[in-house]
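First the proteins, then the strands, lettered A, B, ... as listed; each starts at 1.
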Protein chains: 2
Amino acid sequence: MKVSTRGKYAMIAMVNLALARGGNMVTVKELAAREGMSLTYLEQLFVGLRKAGILTSIRGPNGGFQLALAPEEIRVIDILKAVGETVDSLKDGAGARRPESGSEAEVLAGLMWEGLSAHVHVYLHQMTLKDVIQRAQSPCPAFSSLEELAT
Amino acid sequence: MKVSTRGKYAMIAMVNLALARGGNMVTVKELAAREGMSLTYLEQLFVGLRKAGILTSIRGPNGGFQLALAPEEIRVIDILKAVGETVDSLKDGAGARRPESGSEAEVLAGLMWEGLSAHVHVYLHQMTLKDVIQRAQSPCPAFSSLEELAT
DNA sequence: TTAAACTCGACTAAAAGTGTCAAGTATATT
DNA sequence: AATATACTTGACACTTTTAGTCGAGTTTAA
C-alpha cells in the first residue's frame, strides 16, 4: 500500500517538464542532478514515458525532453502506468488465488478492495499534470480535518 | 501501490468473524482450513488483531476468537493497521528523502500524493466491518462506469 | 567529426513480503 | 489432577520485488 520510487520520480520529473514548458528542453542529466536522482535510473523511467507517448525527445547537442501534450491532457494515472507502477489494490494475492471457491467472506472483502481500487483510479484518472502544478486538491472527501484520521 | 496478503487475510478473517457473530466462537484452525490459509501465518495476524483490541479470545476447549466490538464499531483502517499493513502512499522514498531542499517539482508532486493518501485514509476510515458485510460501496466518486478507467 | 544526449539489455544488491518451525502457556472439560 | 484444545512467542528461511548499476551502443546538431 505504498508508491514505489518509480512512480514518485516519474511524477517529479513530469512536473519539472511541465514547469519548464515553453522554455528550453530539459535534459535527463540536469534533472537527475537537480533532484538528486540516479542518472541511469531516471533514464530508464524516461524510456517508459516516451514510449507511452507523453513526452518527446530530441537528440544531439541542446537536445532533451519535453512534454508531448499540454499539461491538462496528461493524466497522473498515465504517468504511473508508463513507468510500471502498479495501481491496483487487489492484484494477485488472496482474493484472486482461489477463483473457484470464493467463500462469502472472501467475496465481501473483495468488494471492499474493489471499492478502494475504484476510488484510487478515479483520483489518479481525473488528476492531470496541470492540476498538480496548480496545487489542485481533489475536493471529494468531505473531511475538513485530516489530523483526526491519524489515529 | 498494492495491498499485501496480510491486509487481505486479515479482512477475510474479520469478515468471517463478523458473519459468525452471535453464534459460536471461531477457531483459527477452522478459519485457516475454510479459507485455505496457512494456520501459523493466520495465527500471527490474530496476535496483532487481538493486541489492537478489535477481537478477543477464549482459551481451552471450545474456545476461539470473536469480535471485541460490534461490526459497525470496527473500522477497516484499524484492521489493516493491526496487522502492520502500510497505509500511506508517501512513506519513505522520494519526497521524504531531501527535506532540506524540496524543489518546486518535488513539493508539487508531494501535494498530489498527500491528496491521494488522504482519499485512501478517508475511505478506509469511514468504512466499517458492518459496511463491508452489507456490501456497502462508498458513493463518493461520481463515476458510473468504471470500465472507462481501464484505459 | 565529435561531443552531447538518448537507447537498450543484462546484471546485482538490498529490502519487503510470505510463510515455517519449535517450544511453549493457558484453561475448560473430564 | 490430567489432558486435549487452543492461543503465544520468537527466531528463522525462502521468494519476490524494488532500486540502482554497468557498459556498449545509436543518433544528431554544431
## Note on the structure
Distance col, row A:Leu67:CG vs A:Asn16:CG, nearest 0.5 angstrom, shows 10.5 Å
### Task
Take the protein atom CG of A:Asn24 and the nucleotide atom P of C:dA4, then report the distance between them rounded to whole Å.
17 Å
Between the protein and nucleotides 26-30 of chain D, which nitrogen or oxygen pairs come in under 3.5 angstrom?
none

#### Entry: D:dC7 phosphate, OP1 or OP2, under 4.0 Å from B:Thr27 side-chain N/O
no
### Query
Under 4.0 Å between a side-chain N or O of B:Ser4 and OP1 or OP2 of C:dG17?
no
### Task
Look up atom CZ in B:Arg34 and atom CD in A:Glu104, then write down how far apart they are to the nearest 0.5 Å.
11.0 Å
## Note on the structure
Contacts satisfying ring-ring contact (aromatic ring centres under 6.0 Å, His included) that involve residues 54-76 of chain B (not counting sequence neighbours) are B:Phe46-B:Phe65
### Task
Figure out the CD/C1' separation between A:Glu30 and C:dC6, and round it to whole Å.
14 Å
### Summary of ring-ring contact (aromatic ring centres under 6.0 Å, His included) pairs that have at least one residue in residues 12-32 of chain A, sequence neighbours excluded
none
### Query
Can you name the nearest heavy-atom pair linking B:Ala109 to A:Ile12, along with the distance?
CB-CG1, 4.0 Å
### Query
Does A:Tyr9 make a side-chain N or O approach to OP1 or OP2 of D:dA19 shorter than 4.0 Å?
no
### Message
Which Ile, Leu, Val, Met, Phe, Trp or Tyr residues join A:Met25 in one cluster when any pair of side-chain heavy atoms under 4.5 Å counts as a link?
### Response
A:Ile58
### Task
Evaluate the criterion side-chain contact (heavy atoms from CB on, under 4.5 Å) for residue pair A:Met1 and B:Leu80; output intermediate values, then yes/no.
CA-CA 10 Å; A:Met1 204 70 217; B:Leu80 301 182; over 6 Å; no
### Nearest-angstrom distance from the residue atom CZ of B:Arg6 to P of C:dG19
10 Å
### Query
Any ring-ring contact (aromatic ring centres under 6.0 Å, His included) pairs touching residues 14-37 of chain B, not counting sequence neighbours?
none
### Query
Rounded to the Å, how far apart are A:Leu31 CG and C:dA5 P?
13 Å
### Task
Would you name the heavy atoms of A:Thr56 and A:Ala68 that are closest together and state the gap between them?
CG2-CB, 3.6 Å
### Summary
Of B:Glu85 and B:Leu39, the one whose nearest nucleotide on DNA chain C sits closer to the 5' end is B:Glu85
### Message
Please report the distance, rounded to the nearest Å, between CZ in A:Phe65 and P in C:dA5.
### Response
12 Å
### Message
Measure NZ/B:Lys29 against C1'/D:dC7 and give the value in whole Å, please.
### Response
13 Å
### Query
Where along residues 40-57 of chain A does a heavy atom come under 4.0 Å from DNA chain D, residue by residue in number order?
A:Thr40, A:Tyr41, A:Gln44
